[in-house]
S.K.: 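One structure coming up, written as structure tokens, with questions to follow.
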Amino acid sequence: MKDKKLELGVSGEKMVENREKYVGNKENGIYVSTMRTKEKQEEKKVGKRMKRIVESEEESSSSEKTKKSLKKSKKMNKKENIKTIECDSEYFNTGNENLYREKPTFTLDQNMINNYEKNKSMTKEMVNSIREKKSKKILKSKQSNNLKNETSENIEIKKEIDEKSIKTEKKLKKKHKSQEKELNSEELKNEESLRSKEEEEDYKWWEQQQGDGTIKWKTLEHNGVLFPPPYEPLPSYVKMKYKGEPISLPPEAEEVAGFFGAILSSEQYVKNPTFQKNFFHDFQETCKKTNAPVIPEKFEYCDFTPMFEYFEKKKEEKKNKSKEEKKKIKEEKDALEEKYKYCFLDGRKEKVGNFRIEPPGLFRGRGDHPKTGKLKTRVVPEQVIINIGKDSVIPSPPPGHNWKEVRHDNTVTWLATWNENVNNNVKYVFLSAGSSLKGQSDLKKYEKARELKLYIDNIRKQYRKELEDKLMEVRQRATAMYLIDLFALRAGNEKGEDEADTVGCCSLRYEHISLSPPNTVVFDFLGKDSIRYYNEVQVDPQVFKNLKIFKRSPKTEGDMLFDRLNTSKLNNHLTSLMPGLSAKVFRTHNASYTMSEQLKNTPKDASISDKVLAYNRANRMVAILCNHQRTISKTHSAQMERIEDKILALKYQKIRLRKAILTLDPKLEKSRPDLSEAVSDIDEDWIKEHQKVLIEKEYDKIKRKFQKDNEKLISQNETPMPESRLEKFLEKINEMKEEFKIENEKGRVESKTRGITIEKLDLQIKKINERIHQMKALMIDKDQNKTTALGTSKINYIDPRLTYAWCAKYGVNIERVFTKTLREKFAWAASTTADWEF
DNA sequence: TTATTCACTTAGAAAGCCCCCC
DNA sequence: GGGGGGCTTTCTAAGTGAATAA
């Protein structure tokens, strides 16, 4: 098999190797980092200040401003007794071109250039006037309580939805008149085409001209959000135990205990001390608040297993329900949800994404999140803000409740929002991934990533030059850009103390990289979702030198590597290089570029499966580049073993076929040494063991068939076969045993096929070799995929037009690589032709 | 300049479902 | 035909980055 080298950035192949190195150490899918202590934080602050002083001296020669800062720093040094250190002024030779991946060659789509020019011509005044409109439009409105009652609504949903599209169309026409004044002529053109398109079932927004994107909709109708059902207390015989005794709890406290009891089998949370501590604190609080007869004092005395067992029993019962029952339950659920599933955006029916309000539960923060396990309380309508069209019917809140607010803001895409209590994060209800709004922003994102190709050469030239800049801030920025560009690192915003300690490029700390001369850098840190990023790479000598400076004493563990940089500064600079450029654009660009390069390795004359395999391989390269990981499935090793067994069985078949050839023509032993060659992984002992298994299997098979046939005869009121018949069938077993005996002792295998020839046997060996090869490839593929998640890059980073173009070019059905949801999400890319390039 | 807010994208885990093999 | 494995979908946590407030 040809060994294909990666063309990922600096050292994609190395990265695959590096991934393998640490993969085995992962526990529960999460790496736990060492917690920063308060002292460390204090140290960090002092360190930061010291660093500023160091650099201000270094930069002193360049400007008036820096002279002042030098004075200031010297003053401070005197005061705080801190030594200043000079910046290393010797330079290494730069220009290690190998470190850069090949310069991309591409043809630029005329459409893209047009769009870009149009964007440029969008004046500031226009933006301001839209903003002004936006602020005026955010008005609080009174809620309408005179809506139809809910039950009748449920029954008439379908009718209602059909009627609505007609209604909305009428409304839209009315509204157009009043809006005309506000729209510029281009937008008006969009309107016209929109209106004509409304009659069509599938609205192809990508065939229309798009506005600047500030106004997200003109009319918006929806039915609000679906609240989770109220808590149903457990049967009285199900009680948690405290100090070994069952205790009764008020429903509210019982619910919280149940949240913990329900997840007893998921060790990664239940065994986590922070999770336990946070849960227990909130559980105690709930008990106190609800005047529970027993207020648990120690977590250790709590036993939630009765609850756990009850939930498991319920699950089992649900699973064992008949098909009809299950169908009925699903239908009821669907009917309840139907009205929330869709909304009308500018009169067109669109799918809503997460219309369900998140149910209460325990916050499952990842990694070392300090708040993991805390109680996520039930959300009430009074917390929820509804965003809806001005003239639309306002959905009624659940009986006896009110919405927090009803807004009519058409500059945003959310339908509802609320604040979650644990981290005070804002939650939104958005449209689904397949909606026109999401599609438009996806297209925009990929076009931006493609646009970067126009600028990338100059950007690289510039940051390479700036790697040697005298201003520390500039040098840090250039180094960070190098890392983001080559290793697809995330920007790395700063995080709070009450969050998990994870980092990205700008927030890298002293301990996250280690340097070994001449130019090897080892990255080892926890990134988004506390997923470990480990990569050993060779970098540009100047980058190595810079990193060494950024790590220089007095910096130590806990100190920022890029103490002069943050994401805001970095992105400001990036925008000045290309409109709309930010750190994340590099990641998209890098991923799609890698994919397009990797797809070029697809074999042209191979089978569809082989082509799909090549696609997945390319996909995996992107996933590795972006460090998209998943936990190894529980069944992985069993799966691997099974494939291995199949390979061995095939190898054994091969051995038998060879023996059959030699049995036909013993003279061939000398002229064809390949027929007596040893086969790897197989020895005599294994063969004997395998033969035993084969005999057992055959025995079971015959017996099962006999039983089944008899059952059939009985059901047809016919006489079943006597046991003697089975004996007769089982004679085959003896024949097999005899065959194996001759094979093992004399090396003879008689082929049972009539008219068998050596040519035919050779052909069979060839086919078996092919199957072994396929199996091995599958095994390698599976093993390499065990910790790599391909989905994330497919959904978020790889331009779907690459996939559609690839399918067209290689004659592969899109269904082989995109699921239904993905095809919906990327409908805008479906008509991409084979010659399209990223 | 820095911190906060807001709106959105990106992410892995868990749940759900479907299909293949015994 | 049913049980389980694996693929797909759903869920919601955790990022990014622009705008705004202090």
Side-chain angles (χ1 to χ4, degrees), chain A residues 28-30 127 131 134-135 216 263 265-266 268-269 315 318-320 323 326 330 353-359 361 363-367 369 371-372 376 387 409 411-414 417 419-420 422-428 430-433 437-438 441-442 444-445 490-496 499-500 502-507 526-531 566-572 574-575 580-585 587-588 591 623 626-631 633-636 638-639 642 697 700-701 704 708 782 785 787 789-797 818-822 824-825:
Chain A
N28 295 328
I30 284 166
V127 177
R131 255 180 230 150
K134 178 188 165 180
S135 54
K216 301 295 189 334
I263 54 168
S265 59
S266 77
Q268 66 162 319
Y269 289 111
K315 257 191 227 166
K318 199 180 154 195
K319 222 172 91 185
N320 293 335
K323 235 181 179 179
K326 279 182 190 168
K330 195 167 184 288
N354 54 329
F355 53 84
R356 289 181 199 88
I357 292 281
E358 289 173 19
F363 170 66
R364 295 182 178 199
R366 293 172 186 166
H369 199 296
K371 290 190 176 176
T372 192
K376 223 172 81 168
N387 191 34
D409 183 358
T411 65
V412 294
T413 66
W414 53 265
T417 180
N419 271 67
E420 153 266 358
V422 177
N423 298 293
N424 199 29
N425 281 336
V426 191
K427 301 277 186 170
Y428 297 94
F430 289 119
L431 295 194
S432 80
L437 280 178
K438 296 281 184 191
S441 64
D442 256 3
K444 224 168 151 184
K445 172 182 80 184
R490 293 189 186 83
N493 281 317
E494 274 192 56
K495 293 189 75 184
E499 293 174 279
T502 62
V503 297
C505 185
C506 293
S507 49
L526 296 182
K528 182 177 178 178
D529 290 311
S530 294
I531 296 291
N566 57 39
T567 51
S568 169
K569 280 180 186 168
L570 176 69
N571 283 335
N572 266 338
L574 292 176
T575 323
L581 183 65
S582 65
K584 83 194 261 282
V585 180
R587 226 165 123 83
T588 317
C626 296
N627 200 38
H628 291 145
Q629 296 193 37
R630 59 172 185 174
T631 42
S633 81
K634 282 174 196 162
T635 52
H636 177 77
Q639 281 171 41
R642 230 174 299 142
K697 270 189 185 168
D700 287 344
K701 204 171 126 189
R704 257 206 318 272
K708 226 179 172 180
K782 254 196 156 42
N785 262 354
T787 54
L790 303 190
T792 311
S793 51
K794 221 188 224 182
I795 296 167
N796 301 301
Y797 287 104
F818 274 1
T819 63
K820 193 176 131 261
T821 333
L822 272 181
E824 263 171 44
K825 175 175 158 82

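Below, read A as the first sequence line, B as the second, and so on, with proteins coming before strands; counting in each chain starts at 1.
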S.K.: If I take atom CZ in residue Arg587(A) and atom P in nucleotide dT16(C), what distance separates them, rounded to the nearest angstrom?
M.R.: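 Distance check: Arg587(A) CZ to dT16(C) P gives 9 Å.
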S.K.: Within the pair Gln629(A) and dT10(B), is there a side-chain N or O less than 4.0 Å away from OP1 or OP2?
M.R.: no
S.K.: Rounded to whole angstroms, how far apart are CG on Leu574(A) and C1' on dA18(C)?
M.R.: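 Going from Leu574(A) (CG) to dA18(C) (C1'), I get 14 Å.
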S.K.: For Lys444(A) and dT9(B), what is the distance between atoms NZ and P respectively, to the nearest whole Å?
M.R.: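 It works out to 10 Å between those atoms.
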S.K.: Side-chain N or O of Lys584(A) versus OP1/OP2 of dC8(B): is the shortest distance under 4.0 Å?
M.R.: no
S.K.: Using five pairs at each end of the helix from dT1(B)-dA22(C) to dC22(B)-dG1(C) to define an axis, what is the angle between those two axes, to 10°?
M.R.: 10°
S.K.: List every contact pair, protein side and nucleotides 11-15 of chain C side both N or O, where the distance is under 3.5 Å.
M.R.:
from    : atom 1 : to        : atom 2 : distance (Å)
dC11(C) : OP1    : Arg356(A) : NH1    : 2.6
dC11(C) : OP2    : Arg356(A) : NH1    : 2.9
dA13(C) : OP1    : Lys376(A) : NZ     : 3.1
dA13(C) : OP2    : Lys427(A) : NZ     : 2.4
dA14(C) : OP1    : Arg366(A) : N      : 2.6
dG15(C) : OP1    : Lys495(A) : NZ     : 3.4
dG15(C) : OP1    : Thr502(A) : OG1    : 2.7
dG15(C) : OP1    : Asp529(A) : N      : 3.2
dG15(C) : OP2    : Lys495(A) : NZ     : 2.4

S.K.: Please determine whether a side-chain nitrogen or oxygen atom of His628(A) lies at a distance below 4.0 Å from atom OP1 or OP2 of dG12(B).
M.R.: no
S.K.: Round to a whole Å and report the spacing from NZ of Lys315(A) to P of dA14(B).
M.R.: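 From Lys315(A) NZ to dA14(B) P: 11 Å.
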S.K.: Atom pairs under 3.5 Å, N or O on each side, protein against nucleotides 4-7 of chain C: can you list them with distances?
M.R.:
from   : atom 1 : to        : atom 2 : distance (Å)
dG6(C) : OP1    : Gln639(A) : OE1    : 3.2
dG6(C) : OP1    : Gln639(A) : NE2    : 3.1
dG6(C) : OP2    : Thr635(A) : OG1    : 3.2
dG6(C) : OP2    : Gln639(A) : NE2    : 2.2

S.K.: Below 4.0 angstrom from OP1 or OP2 of dA18(C), is there any side-chain N or O of Ser568(A)?
M.R.: no
S.K.: Is the backbone N or O of Ile263(A) less than 3.5 Å from a side-chain atom of Ser266(A), with the two atoms forming a donor-acceptor pair by type?
M.R.: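 Present.
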S.K.: Under the 3.5 angstrom rule, does the side chain of Asn424(A) hit a backbone N or O of Asn419(A) as a donor-acceptor pair?
M.R.: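 Not a single qualifying donor-acceptor pair exists.
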S.K.: Hey, which of these two, Thr588(A) or Ser266(A), hits DNA chain B nearer its 5' end, going by closest nucleotide?
M.R.: Thr588(A)
S.K.: Atom NZ of Lys318(A) to atom P of dA15(B): distance rounded to whole Å?
M.R.: 10 Å
S.K.: Can a donor-acceptor pair be found, under 3.5 Å and without considering hydrogens, that links the side chain of Lys427(A) to the backbone of Thr417(A)?
M.R.: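 Pair absent, no side-chain N/O of Lys427(A) close to backbone of Thr417(A).
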S.K.: Aromatic rings Tyr428(A) and Trp414(A): how do their planes relate, parallel, tilted or perpendicular, breaks at 30° and 60°?
M.R.: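 Tilted, since the angle between the ring planes falls between 30° and 60°.
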S.K.: Ignoring backbone atoms, test whether Thr413(A) places a side-chain nitrogen or oxygen under 4.0 Å from the OP1 or OP2 oxygen of dC8(B).
M.R.: yes
S.K.: Please report, rounded to the nearest Å, how far the P atom of dT16(C) is from the CG atom of Asn571(A).
M.R.: 10 Å
